[in-house]
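Index from 1, following the sequence.
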Amino acid sequence: QIIDDAWNLASAGETSIETALSTLEYLDQEEDYVPWASAEKQLNDLMTRMSTTSGYGALQRFIRDKTSSLFTRLGFDDNTNSTAQESFLRSAAVSLACKSGLD
């Protein structure tokens, strides 16, 4: 909820985008799906808005930094031993990692 609240405040001009981005600093340590779902939604929107700006590369690097360890741990392919949460989390990680150019 904090992620969505901060991003909504930033969209309304009530706080800075830097403050909204700071709510994502811990994501590389997060393994719960709910914060990742919020982050994925907000980052997809931000990537769309910034795609033609000079800051787009920095945004992609930020996303790669946040997703790389989770992507490495969960992998690309769903396996039969995965929990539903791991499957949803993998989907969010793969989506963001691919959109940010993670190899």
Side-chain angles (χ1 to χ4, degrees):
Q1 186 64 39
I2 291 173
I3 293 171
D4 286 331
D5 288 347
W7 286 83
N8 288 334
L9 287 169
S11 292
E14 298 297 322
T15 193
S16 67
I17 192 68
E18 290 82 8
T19 298
L21 280 168
S22 74
T23 65
L24 306 179
E25 280 299 322
Y26 78 101
L27 274 180
D28 49 339
Q29 305 299 315
E30 182 61 66
E31 294 189 2
D32 187 54
Y33 171 68
V34 174
W36 274 103
S38 293
E40 180 184 22
K41 176 182 172 233
Q42 302 302 340
L43 289 170
N44 279 330
D45 180 56
L46 188 59
M47 282 191 289
T48 298
R49 289 188 283 140
M50 290 185 65
S51 65
T52 60
T53 69
S54 61
Y56 188 66
L59 176 61
Q60 286 184 301
R61 284 188 297 280
F62 175 82
I63 294 170
R64 282 193 302 268
D65 182 53
K66 297 299 160 200
T67 58
S68 63
S69 64
L70 183 63
F71 184 77
T72 299
R73 186 178 71 73
L74 293 174
F76 185 80
D77 296 317
D78 220 2
N79 83 45
T80 57
N81 296 326
S82 294
T83 65
Q85 177 169 304
E86 287 174 331
S87 293
F88 290 136
L89 191 54
R90 179 180 293 106
S91 176
V94 167
S95 173
L96 284 170
C98 289
K99 289 177 183 175
S100 68
L102 185 66
D103 293 330

Closest contact, heavy atoms only, [X] versus [Y]:
X: Trp36; Y: Glu30; answer: NE1-O, 3.0 Å
X: Glu40; Y: Ala92; answer: OE1-CB, 3.5 Å
X: Lys99; Y: Gln60; answer: O-NE2, 3.4 Å
X: Ala93; Y: Leu70; answer: CB-CD2, 3.7 Å
X: Asp28; Y: Ser69; answer: O-OG, 3.4 Å
X: Gln42; Y: Ile3; answer: CG-CG2, 4.3 Å

Check your understanding: Under a single-linkage definition using a 4.5 Å side-chain heavy-atom cutoff for Ile, Leu, Val, Met, Phe, Trp and Tyr, are Tyr56 and Ile17 assigned to the same hydrophobic cluster?
Key -> yes

Check your understanding: Does Leu46 share a hydrophobic cluster with Leu27, counting links as ILVMFWY side-chain heavy atoms below 4.5 Å and allowing steps through other members?
Key -> yes

Is any side-chain heavy atom of [X] closer than 4.5 Å to a side-chain heavy atom of [Y]?
X: Leu89; Y: Asp32; value: no
X: Met47; Y: Ile63; value: yes
X: Glu86; Y: Glu31; value: no

Check your understanding: Taking atom types as modelled and ignoring hydrogens, do the side chains of Thr19 and Ser22 form a donor-acceptor contact shorter than 3.5 angstrom?
Key -> no

Check your understanding: Distance only, no hydrogens: is a donor on one side chain within 3.5 Å (strictly under) of an acceptor on the other, for Asp4 and Ser38?
Key -> yes

Review point. Got a salt bridge between Arg61 and Asp65, using NZ or NE/NH1/NH2 to carboxylate O under 4.0 Å?
Key: no

Point to revise | Phe88 atom CZ: more than 12 heavy-atom contacts under 6.0 Å | key: no

Review point. Would you say the side-chain atoms of Gln29 pair up with the backbone N or O of Tyr26, donor to acceptor, closer than 3.5 Å?
Key: no

Check your understanding: Would you say Ser95's side chain and Ser91's backbone share a donor-acceptor pair under 3.5 angstrom?
Key -> no

Check your understanding: Taking atom CD of Gln1 and atom OG1 of Thr23, what is their separation to the nearest 0.5 Å?
Key -> 11.5 Å

Check your understanding: Between CG of Leu43 and CG of Leu21, what distance do you get to the nearest 0.5 Å?
Key -> 7.5 Å

Practice item. Let me see the working for Asp45 and Trp7 under side-chain contact (heavy atoms from CB on, under 4.5 Å), right down to the final yes or no. Key: CA-CA 10 Å; Asp45 180 56; Trp7 286 83; over 6 Å; no

Practice item. Using the side-chain contact (heavy atoms from CB on, under 4.5 Å) rule, take Tyr33 and Thr83 through it: C-alpha gap first, then chi angles, then the decisive distance, then the call. Key: CA-CA 11 Å; Tyr33 171 68; Thr83 65; over 6 Å; no

